[in-house]
Amino acid sequence: MNAVENQQFFSRSLLEWYLVHRRDLPWRRHRNPYYIWVSEIMLQQTRVETVKPYFQRFIEKFPTIEALADAPEDEVLKAWEGLGYYSRARNLQSAVREVKESYGGVVPDTKEEVSALKGVGPYTTGAILSIAYNKPVPAVDGNVMRVLSRYFLIEEDIMKVSTRVRMENLVSELFPEGHAGDFTQALMELGALVCTPKSPHCLTCPVMEHCAGRLEGKEESLPIKKKAKPPRPEARLAALIRGSGERAGQFLIRQRPETGLLARMWELPHVLSPEPAYAVSGGGAGADALEAALAAEAGLRLQPLHWLMEAEHTFSHIHWNMGVYVCELAPGLPGAAGAASRSAERSLPADYVWVDAHTWREYAFPNVFLRIISRYLEDSGA
DNA sequence: AATACGGGGAC
DNA sequence: GTCCCAGTATT
């Protein structure tokens, strides 16, 4: 069998297999380019099972490009809460607004236009054009790299751009005439269901007999991928600042800046700590450090009351070890008991807001703060 | 080419 | 604990 015959065998077998084994996924029920687009953004670095409920809720809340374009950003972030990589949500809304303004609300169908949209890179460009418009534009993700590296025995580091480009060229040759969308999904579906990262199910694979990786006994060691750097540790101290007097039952949250980590998400006030929480472990040293740092940073005069908990949270590049104290504001300051509280309200930094056991849920928090606040409210019997 | 950017599920 | 997942933007 020559190379061309091998490619034809691969494409035809894979396509046939897909038409039988394709999963019934929410975004596969219609050929709505907006649905495809939303699902592809959500699926970046995120598993299908995680995305399903988010996708359903998101489409219910923002059924059309128009609806998403006109929504407040806060609501979009809230709908994304817990999914991670929140710039995806903000870029998606920004791009949807662009489609509304420049393309009359219709997702464009050329490579140039689609790939120019915010948050849409080479993979998502191919996914939208092939799945929504059945155009033969390659969509090479982790699944596709794994499948191709095994079947065609490609032993290049898949982290390298040059490898992804080689895979894209390969997929372009492999597209079966008139079936671009199904073929794109077939490649990913095989990677998700059969050609899995560990213990691939080769015996049920439709192209096993000509898989070069398996014939060489290398199916478990492919694809080749350089190890990622471990996240750097970062110790932090957080304050659950509860109100007293007429602010009883409330606590203080703040919104993160426009850019960087967890941009525009809400959180409890927290600061970098010289010592990890396990060294502080609820002692006065941590409370003192927190009080001093938050005074310097936000002008808040804290009165730490007691230790709440330790919280660990790992991002891809940072590991937070966070010690959390329950605090109040020193008397005479906003939220504290005392006559001056009304007029002193202005001295709260602009990005700080009081919430209570119900209203806090309207704000979008990263997971680690959802855990901390939930624990606090349980403990306080709210 | 390297790094920033979340979170969770499978082993 | 480790891996890595339907990646993109920025430097």
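Because the structure is predicted, anything quoted here is derived from the model rather than measured. Proteins get letters first, then strands, A, B, ... in listed order; numbering begins at 1 in each.
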### Task
Using a 4.0 Å heavy-atom cut-off across all strands, classify A:Gly191 as base, sugar-phosphate, or nothing.
nothing

### Message
side-chain contact (heavy atoms from CB on, under 4.5 Å), that's the test. Do A:Met167 and A:Ser149 meet it? Break it down for me.
### Response
CA-CA 8 Å; A:Met167 303 265 187; A:Ser149 70; 4.1 Å; yes

### Query
OP1 or OP2 of C:dC4 sitting under 4.0 Å from any side-chain N/O of A:Lys198?
no

### Task
In whole angstrom, give the distance that lies between atom CD of A:Glu220 and atom C1' of B:dC11.
13 Å

### Message
Using a heavy-atom cut-off of 4.0 Å across all strands, would you classify A:Ser199 as base, sugar-phosphate, or nothing?
### Response
nothing

### Message
I'd like to know if A:Asp24 and A:Arg29 make a salt bridge, using a cut-off of under 4.0 Å between side-chain N and carboxylate O.
### Response
yes

### Message
Classify A:Ile41 by what it touches in the nucleic acid, base, sugar-phosphate, or nothing, heavy-atom distance under 4.0 Å.
### Response
nothing

### Query
For A:Ser87, which contact category applies under a 4.0 Å heavy-atom criterion: base, sugar-phosphate, or nothing?
nothing

### Query
Using a cut-off of less than 4.0 Å, is there contact between a side-chain N or O of A:Asn143 and OP1 or OP2 of C:dA6?
yes

### Query
Is A:Arg361 positioned over the aromatic face of A:Tyr363, cation under 6.0 angstrom from the ring centre and no more than 45 degrees off axis?
no

### Task
Looking at every strand, decide which applies to A:Leu92 at a 4.0 Å heavy-atom threshold: base, sugar-phosphate, or nothing.
nothing

### Task
With salt bridge (Lys or Arg N to Asp or Glu O under 4.0 Å) as the test, would you mind laying out the steps for A:Asp70 and A:Lys100 before giving the verdict?
CA-CA 10 Å; A:Asp70 295 343; A:Lys100 181 189 171 190; 2.9 Å; yes

### Query
Does C:dG7 have OP1 or OP2 sitting under 4.0 Å from an N or O in the side chain of A:Thr46?
no

#### Entry: Sugar-phosphate only, base, or nothing, as touched by A:Trp320 at under 4.0 Å among non-hydrogen atoms
nothing

### Query
Is the CD atom of A:Glu5 crowded by more than 12 outside heavy atoms at less than 6.0 Å?
yes

### Message
Within the 4.0 Å heavy-atom criterion, would you say A:Arg256 contacts the bases, only the backbone, or no part of the nucleic acid?
### Response
nothing

### Summary
Among C:dC4, C:dT8, B:dG6, the one nearest any side-chain atom of A:Gln44 is C:dT8

### Task
Mind checking A:Lys229 for me? I need base, sugar-phosphate or nothing, with any heavy atom below 4.0 Å counting as a touch.
sugar-phosphate

### Task
With P as the reference atom in both, quote the distance from C:dA6 to B:dC5 in angstrom, rounded to an integer.
24 Å

### Query
Do the side-chain N or O atoms of A:Gln45 get closer than 4.0 angstrom to the phosphate oxygens (OP1, OP2) of C:dG7?
yes

### Message
If you compare every side-chain N and O of A:His317 against the phosphate oxygens of B:dC5 (OP1, OP2), does one of them come in below 4.0 Å?
### Response
yes

#### Entry: d(CE, A:Met145; P, C:dA6) in whole Å
12 Å

### Message
Nearest to the side chain of A:Lys225, heavy atoms from C-beta on, is which of C:dC5, B:dG7, C:dA6?
### Response
C:dC5

### Task
Can you figure out which of B:dG8, C:dG7, C:dC3 approaches the side chain of A:Tyr85 most closely?
C:dG7

### Task
Describe the nucleic acid contact of A:Val48 in one word from base, sugar-phosphate, nothing, applying a heavy-atom distance below 4.0 Å.
base

### Message
With a 4.0 Å cutoff (strictly under), does any side-chain N or O of A:His313 reach OP1 or OP2 of B:dG6?
### Response
no

#### Entry: Spacing of A:Ile318 atom CD1 relative to B:dT3 atom C1', expressed in whole Å
11 Å

### Task
Calculate the interatomic distance between A:Phe315 atom CZ and B:dG8 atom C1'; express it in whole Å.
14 Å

### Message
Classify A:Arg164 by what it touches in the nucleic acid, base, sugar-phosphate, or nothing, heavy-atom distance under 4.0 Å.
### Response
nothing

### Query
Just to confirm, is there a sub-4.0 Å distance from OP1 or OP2 of C:dA9 to any side-chain nitrogen or oxygen of A:Asn91?
no

### Query
Would you call A:Arg254-A:Glu297 a salt bridge at under 4.0 Å N-O?
yes

#### Entry: Distance, rounded to the nearest Å, where A:Met42 contributes CE and C:dA6 contributes P
16 Å

### First encountered from the 5' end of DNA chain B, between A:Thr50 and A:Ser162
A:Ser162

### Message
Please tell me if A:Arg146 has a side-chain N or O lying less than 4.0 Å from either OP1 or OP2 of C:dC5.
### Response
yes

### Query
How far does the C1' atom of C:dA9 sit from the matching atom of B:dG8, given to the nearest Å?
23 Å

### Message
Between A:Lys78 and A:Glu81, does any NZ, NE, NH1 or NH2 come within less than 4.0 Å of an OD or OE carboxylate oxygen?
### Response
yes

#### Entry: C:dT8 OP1/OP2 closer than 4.0 Å to side-chain N/O of A:Lys118
no

### d(CZ, A:Arg264; C1', B:dC5) in whole Å
18 Å

### Query
Atom CZ of A:Arg88 and atom C1' of B:dG6: how far apart are they, to the nearest Å?
8 Å

### Query
With a 3.5 Å cut-off and just heavy-atom distances, do the side chain of A:Ser316 and the base of B:dG7 make a donor-acceptor pair?
no

### C1' spacing across the pair B:dG9 / C:dT8, given as an integer number of angstrom
23 Å

### Message
Other residues, nucleotides and ligands only: do more than 12 of their heavy atoms fall within 6.0 Å of NE2 on A:His306?
### Response
yes

### Query
Expressed in angstrom and rounded to an integer, what is the separation of A:Met188 atom CE from C:dA6 atom P?
9 Å

#### Entry: 5′-ward residue of the pair A:Val161/A:Leu261 relative to DNA chain B
A:Val161

